[in-house]
Amino acid sequence: MSENDMSEIQAPRPMPAPLDRVDGVAKVTGQARYCGDHPSPGLLHAVLVTSTVAAGDIEEMDVGMAQSMPGVHCILTPFNAPRLPEGGRASAGQMPAGRTLTLLQDTTVYYNNQPIGVVVADTLVRALEAARHVRVRYRQRPAVLDFNQARQNAYAPEKAKDEPADTVRGDVEAGLRDAAATVDAVYTTPLQHHNPMEPHATVAAWDGNLLTLYDSTQYVYGVRQTVAKALGIPLETVRVICPYVGGGFGGKGSVWSHVVLAAMAARHTGRAVRLTLERPQMFGEAGARPHTEQRMVLAANADGTLRAVRHASLSSTSFLEDWLEPTAMPTRMLYRSDALETQHRLLKLNMGTPTFMRAPGDASGSFALESALDELAWELGIDPIELRLRNDTAIDLGRGLPFSSRPLRDCFRLGAERFGWSRRALMPGAMRDGDKLVGMGVATATYPAMRQRGSAVVSLLPDGTLWVRSGTQDLGTGTYTMMARVAADAFGLPAHHVRAELGDTQYPEAPISGGSQSVASVAPAVQQAAGAVRDMLIERLVGDPASPLYGAAASDVDIAQGTAYCRSAPHRRETVVEAARRQRAQTLTASATTEPGDEKERYSMHSFGAVFAEVGVDADLGEVRVRRMLGNYAVGRLLSPKTGRSQLYGGLVWGIGFALHERSDIDPQCGRIVNANLAEYHVPVNADVGEIEVLLVNDDDRQFNPLGARGVGEIGIVGAVAAIANAVFHATGRRIRDLPITPDKVLG
Ligand code: MOS
């Protein structure tokens, strides 16, 4: 029996004991210093000047008035900015961090709100004021702003993630013939923008040839690489620090123009420079989730068995890059169907380049897939959960591999029980509560489990503190807490004896905190390094005449709850603190790098969930309220149960925003986003969020990594969107295929 067969019959290990967020006190007391708050001697303030047209060339920038205003140090424009290697494109294409930037190297305008200048002054107010006095003359070109007009120039991207843009399996046309029921419908999702509480912020300071950047980022090593390449300086001369991030959601996974511009401004002025995006500038150079239009065709037998699936998707990108929202990825793996075709197409708009936004592709794509399945269930008169389970599969048919773990059936069964699914009326429009129409909807959630090489270093300090460092990031997601929990458990210490540090390129390298992979990539390295330090300490103690463990066999010594003891003679013991104190001269340090093996060739690895929503719809006003949501997930073991669960709550809340609120509106004349502020770009607030419950099924994915932990950052939003849309159908009998579901559409 192979190792893998063995693990399949092992019982799931329990989750670690929950730990309060270890950085919680620092955050609520204001001790936690976010990047833009970093004090630097002689700090100057930079403000971006951005374009006010969507396409064309800058003919002239008159900075005379702005330059003469009090406190202004310099104004960089395409006409005076220092020249960079390859016109500022030296780092482009090195995803995820290396994007095609606009770094004042030429006068082309690709979109409205594009950075075209930087004003640096001694105070923020003076910089803002001066920036508003820069006069720009453009030669405008006609801009492509309309999705419908642009579709005639749609084209195929090179790839969808690492897979082909289009796939065909079996004969969809044959499947459509003689089907008992078919669905053929178009679903659209709007342009959306990331709106973390903390906007993008960078503090750049040069010391001779050495550049230090405090940058709010999901990827300190990516920032270092991109900035070094863009400026044409050696990698080792750049240090990137990011102890806290006030939300990223994918928008901070790449390096955007302002980061390099801050470094350029600091070098130009010889002073430290802070550049923070204003909220409206978050709707420009820093990514977005593109507008998508997805046509779903489903055909099934009378018993609900899928005969054919076709998912053809069109999404918008910019004139700078071919960035694809890979919407058909979940369709390729989620259900069994003899015939399946998927297709991705792009069209170009004069808008900022889109990027990763929480569950890119899966969140938007599953809205189409899971809505269409709901429509099919209604056509066939089959319960929507039953329909999904009839098409459940142990094999990922897209890749021809078994799933490492797929307890989807448990997610639905236990979730349905807890949610009270059996109380759902069969007919839409049949449930009422006072003057509200009530509806219940359901959808499947899924998100790929990803893991990369990750490193950590762990030291036992003379005061008994276990000091853990990794060049990873905590976006508010709980990485600090996870590191403390994993190190404490691997060593045998209470977690409050651990000090975790991250977000610094001086710490060992870790991947981007994106794709829900920080825990999966970093936890094994932390576990291994902490375990190595523990073994080193035990070796020391059994050889140390001053220790009660002197002379014991190392294999007979264990450490638990901060005490080292002999298993065969437990009275021989001493605390780690006492033991560490004697190691004063030589602190114990070990580092570890762990990486995935060949499991990706043998398994398809995904997390799963069943999401339930109950809505109340005001039949007169068309207002939709989410009364209850429940998600039951299989995400492997949660290594930081409190913060991990909190990610799932957050994902469900974002599902409400995706389904009901969020939409960036483009001015069709000038291409500016007209609701570029938090008053008009609507995200859910507490009043929009009803009862939410998150459940976890027993899952321990040993095929995926030694800790059995997949990621939880993104799956929470997947499925939530369709569950709400399906509940609106169930409440009202109206199928709304165009998000967000606003009152005009409910009444229309
Ligand atoms: Mo996530 S959208 O990969 O940060």
Side-chain angles (χ1 to χ4, degrees), residues 95-99 160-162 189 191-200 215-223 226 242 244-256 282 286-290 292 315 317 321 323-327 329-330 352-367 445-452 454 472-479 482 502-503 510-522 605-607 635 643-644 646-648 650-655 657-658 662 683 710-721:
M95 295 292 266
R99 309 303 297 264
K161 283 180 147 177
D162 290 329
T189 68
L191 182 69
Q192 301 172 341
H193 281 85
H194 312 71
N195 271 285
M197 290 293 286
E198 180 209 24
H200 289 270
D215 184 41
S216 183
T217 178
Q218 294 173 229
Y219 191 17
V220 289
Y221 273 88
V223 174
T226 300
C242 178
Y244 299 101
V245 181
F249 312 119
K252 293 174 182 168
S254 303
V255 176
W256 302 107
M282 299 291 288
R289 195 196 300 272
T292 76
S315 66
T317 186
E321 277 183 37
W323 197 90
L324 177 71
E325 176 88 358
T327 51
M329 304 312 265
T353 304
T355 193
F356 319 95
M357 186 158 160
R358 206 172 198 174
D362 298 84
S364 44
S366 93
F367 162 63
T446 187
Y447 192 76
M450 289 180 270
R451 180 186 172 196
Q452 289 186 53
T472 182
Q473 300 73 211
D474 190 330
L475 323 179
T477 42
T479 316
M482 175 280 292
L502 50 70
I512 181 175
S513 290
S516 302
Q517 64 185 334
S518 288
V519 166
S521 307
V522 174
M605 298 177 289
H606 290 257
S607 285
V635 292
T643 58
S646 169
Q647 285 301 297
L648 295 167
L652 288 169
V653 170
W654 198 338
F658 200 135
E662 287 190 59
V683 297
R710 297 190 298 266
V712 285
E714 293 170 87
I715 190 173
I717 191 174
V718 187
V721 186

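When a ligand or atom number is given, it counts from 1 through the structure's own listing order.
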*asked:* I'd like to check which ligand 1 atoms, numbered from 1 as shown, lie under 4.0 Å from a non-hydrogen atom of F249.
replied: 2 (S), 4 (O)
*G514 heavy atoms, cut-off 4.0 Å: which ligand 1 atoms fall inside?*
1 (Mo), 3 (O), 4 (O)
*Any side-chain heavy atom of P448 sitting closer than 4.5 Å to one from K161?*
yes
*Is there side-chain contact between L475 and K252, with at least one heavy-atom pair below 4.5 Å?*
no
*Looking at M450 and A520, what are the two nearest heavy atoms and their distance?*
O-CB, 3.6 Å
*Does ligand 1 have a heavy atom under 4.0 Å from the side chain of M357, from its backbone, from both, or from neither?*
backbone
*Shortest non-hydrogen separation from F658 to S364 and the atoms involved*: CZ-CA, 4.0 Å
*asked:* When you compare the side chain of I715 with that of H606, does any pair of heavy atoms fall below 4.5 Å?
replied: no
_Within the structure provided, determine whether E714 and R358 are in side-chain contact (heavy-atom separation under 4.5 Å)._
yes
_Subset of ligand 1 atoms that lie under 4.0 Å from at least one heavy atom of R358_ = 2 (S)
*Would you check whether P360 reaches within less than 4.0 Å of ligand 1, judged by its heavy atoms?*
yes
*Check whether any heavy atom of G253 sits under 4.0 Å from an atom of ligand 1.*
no
_atom 1 (Mo) of ligand 1: nearest protein contact (heavy atom, Å)_ = E714 OE1, 3.0 Å
*Can you list the atoms of ligand 1 that are under 4.0 Å from a heavy atom of F356?*
2 (S)
*Could you find the nearest protein heavy atom to atom 4 (O) of ligand 1 and give me its residue, atom name and distance?*
Q218 NE2, 2.8 Å
*Indicate yes or no: at least one non-hydrogen side-chain atom of W323 is less than 4.5 angstrom from one of S254.*
no
*asked:* I need the nearest protein heavy-atom contact for atom 3 (O) of ligand 1: residue, atom name and distance, please.
replied: G515 N, 2.6 Å
